[in-house]
Structures are given as structure tokens and as C-alpha cells.
Chemist: 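Got a structure here, written out as C-alpha cells. Questions coming.
Just so you know, these numbers come straight off a predicted model, no measurement behind them.
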Amino acid sequence: MEDRVRYLNEAPMRSPAKYVLYWSQMNRRVDSNHALAWAVQLANGLDLPVLFYEGLTCSYPDANDRHHTFILQGVPETARRLAPLGIGYLFYLRRKHSDPNDMLYRLAKDSAVVVTDDYPVFVASVHNRSVAGKLDVTFHAVDSSCIVPMNRMEKREYAAYTIRPKIRRLLFEYLRPLEMAGPRRRFTQPLPCPGLHTTVTEPEIARLVAACDIDHNVPPSLSYPGGRVAAEKHLRHFIGRNLRRYAEDRNEPTAHATSNLSPYLHYGQISSLEIALAAKGAEEFLEELIVRRELAFNYCRCAAKPDALENLPAWAAATLHKHSKDRRDPCYTPEQFFEAATHDALWNAAQKEMRLRGKIHGYYRMYWGKKIIEWSRTHQEALETMVRIHDVWAVDGRDPNTYTNILWCFGLHDRPWQERPVFGMVRYMSLEGMRRKTQVDAYIREIEHLEQSGKDPFRLVC
DNA sequence: ATCGGCTCGCGCAA
DNA sequence: TGCGCGAAGCCGAT
């Protein structure tokens with residue numbers, strides 16, 4: 001467990017104290033959560049109860065109904081699973097930009113130590129840096145995202161083939177279920193902050209979201225409801241029905257052979273460890289789930305700003321620079337991409353899948369990104385378009401995988417190929433290739449039906 | 001249908 | 001120092 005922990009400040013533990021605080025930012029779950037387990041272990045050593053705290057603000061960029069709903073849908077089950085363990089639970093929904101932002105500091109005043117998630121991108125990495133300087137109490141961040149802890153990789157890896165043997169060598173140490181000790185002391189005190197939620201009910205989620213000061217023009221995903229129950233349903237469905245044909249059918253979007261677990265992984269409602277244990281022996285799937293996902297975490301941890309072209313390998317940066325002034329034809333504005341208004345029916349369908357379902361099938365997402373590069377005024381504008389579309393519409397966006405997938409389109413973790421306009425030696429993908437390898441027209445029809453009916457026949461009943 | 005060339009650089013064997 | 005091979009391919013020759 002210790003190799004998952006980062007010690008973020010040098011402040012002492014508080015004594016006396018009322019509890020140990022776990023601040024859940026990215027691993028919004030009770031099961032298979034190393035950070036929560038670490039908080040319980042510390043609490044048992046100090047003979048204190050544990051308080052699980054999570055919050056949701058409306059002040060991060062592109063906050064909207066889709067992201068808010070997904071997170072709030074996780075709350076009822078988190079509360080339900082914490083209660084029998086005797087762990088206290090608080091959820092703070094900040095509805096206005098002006099709402100106080102100091103809840104963590106208030107709760108920390110009575111805590112012996114604060115434990116949170118170690119996560120290399122978006123708000124958690126920024127929060128953890130700024131909070132460390134302000135807390136007057138011991139502050140730990142625990143990596144519960146990766147199976148082989150990020151700490152075990154000593155440097156930024158060049159590609160999948162360089163990290164793969166390192167992960168394989170260490171995997172036997174970490175590929176085992178997390179057994180969390182039960183807390184010895186129950187959390188029985190009066191809630192330290194009246195007015196905060198101790199749970200929410202499913203029917204009140206829409207009302208709470210509507211009351212938030214956020215963008216209400218992006219509705220919840222048609223296909224992926226949030227929450228632990230939905231996450232487990234997707235896992236069971238995948239293992240029972242699709243894992244057998246995954247290796248064969250994963251690159252055929254209309255075959256629906258993939259796990260669709262990325263939203264639940266992103267919001268931390270399920271852990272990759274639980275998924276890997278359930279998928280034992282499925283090499284092709286575990287390659288994606290472990291090797292490529294943990295390569296993405298390694299990249300984001302080592303790159304100061306993961307969504308920047310400066311992080312590309314030298315050959316990719318040089319060849320893109322050489323082709324930066326190449327003529328783009330056709331050439332679209334970001335707005336045309338947002339509106340799915342290109343000449344290419346496959347590209348438009350992929351963009352509509354993003355808008356309706358909240359993610360694009362992995363194989364078409366590569367094509368989607370390559371074409372944004374091909375048809376944008378500049379490489380930088382293409383990057384910004386891809387990031388922005390994910391920020392607004394993707395239920396698996398702002399994840400290490402997001403930035404790595406996007407930068408892969410520009411050559412990250414890839415190799416050079418034959419030189420051509422706009423891309424230089426960066427790998428190119430063509431509509432003809434997609435037609436050769438996948439059922440393009442059937443996919444376009446599927447997405448048209450999704451758009452017209454407003455219902456996804458592939459949505460699991462949760 | 002299948003195959004080779006395109007092109008760079010990491011990591012390991014020697 | 002040399003060599004094999006790699007995050008999901010394309011294209012033209014056979």
C-alpha cells in the first residue's frame with residue numbers, strides 16, 4: 001500500500017482530532033478504493049472514525065447537466081455502501097459560483113490527517129498542489145487509478161513497447177483484490193456541516209442539476225447513466241456477453257463488443273483493478289485496460305501540460321512543423337466541427353455519437369481525430385477543437401486516456417510513416433480504410449436512428 | 001488478396 | 001555499434 005502514497009506536505013497529524021477525512025475527488029467509490037482503504041488504516045491506528053467527503057462545483061470550465069448528472073447518480077449508492085461500514089458521508093453541491101469554497105478546510109480542522117486521490121490531470125492535480133500549501137495537517141494522496149502504481153515507473157515512457165515489459169514484471173504484485181480492513185470506530189458524531197447532503201435520491205437529481213449555475217444545453221448521455229450500479233451492470237454484461245468476441249470484434253463499432261466502461265473508470269465509480277480481475281486471461285482486453293491506460297497515466301504524470309503539442313516526440317514535432325503551412329482542403333472552423341457539419345457522413349456520425357452518447361467508439365475516435373487534424377486551419381486549432389469537444393460532451397473526457405488518445409493522433413506513442421501533406425510522417429487514416437475494415441453505412445444508420453428516436457437500443461437497463 | 005516500402009528511435013544484445 | 005520492431009495504415013505493385 002505504501003508505494004501508492006504520496007506525502008504532499010510536512011504538516012503534522014492533528015491531535016486530538018475527531019476523524020480521518022477522505023476527500024474523494026476522482027475515485028468516487030467505496031469498493032476497491034486504495035485511498036479510502038489507506039484512510040481507514042490510518043484511522044484504525046489512531047482509533048478514530050472515517051469521514052468520506054466529496055464535492056461538486058459549478059465553476060470548472062464547461063460544467064453542464066451531463067457531467068453533473070453522472071456524478072450525482074453515483075451518490076445514492078456511495079451513501080448506501082458506506083452506511084453499514086460505519087463511515088460518515090458528506091456530499092457538498094455548490095450551486096452558485098459565489099458559494100463558499102472552503103468546505104475542505106472546515107472539515108480538515110477536525111481531522112487528524114487528510115487523504116485524497118493522486119490523479120495526474122484536470123482539477124485533482126491542480127487542487128492537490130494548491131491545497132498542500134494551505135492545509136495545516138498531514139495530507140496524503142493515494143494512487144487508486146492504476147494497477148501498477150504510477151510511482152513504480154521511474155520516467156516518461158516512450159511508447160507501449162517500453163512500458164509493457166515493466167508492467168508485466170510488476171503485475172503479479174498488484175493484480176489481487178484490495179481487502180479493506182473495516183473501520184474499528186463508527187462515525188456517530190453529529191454532522192459537522194449542516195446543510196450538506198448525506199445522500200440524494202434518484203428522483204431529486206434532475207431538480208438539483210437544474211438548480212445549478214451551469215450550462216443546461218448539454219443533456220445527460222442517452223446511453224450511459226452514472227453510478228456504481230450502472231458500472232457493475234456494464235461490467236457483468238461485458239464479461240458475460242462480449243469478452244469472448246472482444247479480440248475479434250472490438251474494431252467493428254456496430255458489433256458493440258467493447259466494454260463501455262470508460263465513463264465509469266473516468267469518474268472512478270469502478271476501478272481498473274476490479275475489471276482486470278473479472279477479465280482474467282483476456283489478453284487483448286487487458287492490454288487496453290492495463291498497458292495502454294497506464295501508459296496514459298504515465299504520460300500525464302510526466303508532462304507538465306498534457307494537452308500541448310510540445311510533448312510530442314522530436315520526429316513528430318519536426319514533421320508537423322514542416323507541414324504546418326500546407327493547404328487544408330476542405331477546411332472547417334471549430335463551430336462546424338461542433339455542429340457535425342462536414343462533408344463526411346462518417347465523421348458527422350462520429351461527432352453525433354459524441355453529442356448523444358457522450359463518447360465515440362474507440363476505433364472511429366481515431367478517425368475522428370485524424371480528420372480534425374486534416375481539416376483544421378492549424379495543428380494547434382485541431383488540438384483545441386478535440387480537447388474542447390471532449391470537455392463539453394464526453395462522459396469519459398478530461399481523463400489521462402483523453403489526452404493520450406488525442407495526442408496519439410499527432411504521433412505520440414506512435415512511429416513515423418510515409419510522408420504526406422498536413423500530417424508529414426504522422427500516421428494517416430482514410431475513409432476508404434474505414435470502409436474496408438468496418439461497416440460504415442450501418443454505423444451511420446445506427447447514429448441517425450439514435451438522433452431521430454432519442455433512444456439508444458443498446459443502452460443497458462440499470 | 002497479399003506484400004513490401006515508407007521512416008525514426010528506443011532498448012537490448014553484443 | 002547494430003538490429004529488431006513498434007497504439008489501431010496507406011498505397012501501389014503483383
Chemist: To the nearest Å, give me how far apart CZ (A:R169) and P (B:dC12) are.
Modeler: 8 Å
Chemist: Would you say A:R436 reaches C:dC10's phosphate, i.e. side-chain N/O to OP1/OP2 under 4.0 Å?
Modeler: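 Yes, such a contact exists.
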Chemist: Take atom CG of A:L431 and atom P of C:dG9, then tell me their distance rounded to the nearest Å.
Modeler: 14 Å
Chemist: Taking any heavy-atom pair under 4.0 Å as a contact, classify A:Y363: base, sugar-phosphate, or nothing.
Modeler: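 Base: the residue A:Y363, judged by heavy atoms under 4.0 Å, touches a nucleobase.
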Chemist: Nearest whole Å is fine: how far is B:dG9 C1' from A:W315 CH2?
Modeler: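 One finds 10 Å between C1' of B:dG9 and CH2 of A:W315, rounded.
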Chemist: It should be established whether A:R415 places a side-chain nitrogen or oxygen under 4.0 Å from OP1 or OP2 of nucleotide B:dC10.
Modeler: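 For B:dC10, neither OP1 nor OP2 has a side-chain N or O of A:R415 closer than 4.0 Å.
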Chemist: Looking at A:W408, is A:K370 sitting on its ring face, NZ or CZ under 6.0 Å from the six-membered ring centre and within 45 degrees of the normal?
Modeler: yes
Chemist: Strictly under 6.0 Å, is that where the ring centroids of A:W375 and A:H343 end up?
Modeler: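 Yes: the rings meet the under 6.0 Å criterion.
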Chemist: Across all strands, who's sitting opposite C:dC10 as a Watson-Crick or G-U wobble pair, both distances under 3.5 Å?
Modeler: B:dG5
Chemist: So, is A:T162 near the phosphate of B:dC10, with a side-chain N or O under 4.0 Å from OP1 or OP2?
Modeler: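 For B:dC10, neither OP1 nor OP2 has a side-chain N or O of A:T162 closer than 4.0 Å.
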Chemist: Given atom CD of A:Q418 and atom P of C:dC10, what is their separation to the nearest angstrom?
Modeler: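 Interatomic distance, CD of A:Q418 to P of C:dC10: 12 Å.
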Chemist: For the P atoms, the ones on B:dG9 and on C:dG9, what distance do you get once it is rounded to whole angstrom?
Modeler: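 Approximately 22 Å lies between the P atom of B:dG9 and that of C:dG9.
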Chemist: Ignoring backbone atoms, test whether A:K155 places a side-chain nitrogen or oxygen under 4.0 Å from the OP1 or OP2 oxygen of B:dG11.
Modeler: yes
Chemist: Answer yes if the ring centres of A:F285 and A:F238 are under 6.0 angstrom apart, and no otherwise.
Modeler: yes
Chemist: Validate the cation-pi geometry between A:R28 and A:Y267: distance from NZ or CZ to the six-membered ring centre under 6.0 Å, angle to the ring axis within 45°.
Modeler: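 Verdict for A:Y267: no cation-pi partner in A:R28.
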Chemist: Any base atoms under 4.0 Å from A:T319, or only sugar-phosphate, or nothing? Heavy atoms, all strands.
Modeler: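 If one applies the 4.0 Å heavy-atom cut-off, A:T319 turns out to touch nothing in the nucleic acid.
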Chemist: How are the rings of A:F297 and A:Y119 set to each other: parallel, tilted or perpendicular (split at 30° and 60°)?
Modeler: perpendicular
Chemist: Using atom C1' in both nucleotides, what's the gap between B:dT2 and C:dA7 to the nearest angstrom?
Modeler: 23 Å
Chemist: Please give the distance between the P atoms of B:dG4 and C:dC5 as a whole number of Å.
Modeler: 14 Å
Chemist: Round to the nearest Å and state the distance from A:I290 atom CD1 to C:dA7 atom C1'.
Modeler: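 It works out to 16 Å between those atoms.
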Chemist: So, is A:K370 close to the C:dG9 phosphate, meaning a side-chain N or O under 4.0 Å from OP1 or OP2?
Modeler: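 So the side-chain polar atoms of A:K370 never come under 4.0 Å of the phosphate oxygens OP1 or OP2 of C:dG9.
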Chemist: How many Å lie between CZ on A:R293 and P on C:dA7, as a whole number?
Modeler: 19 Å
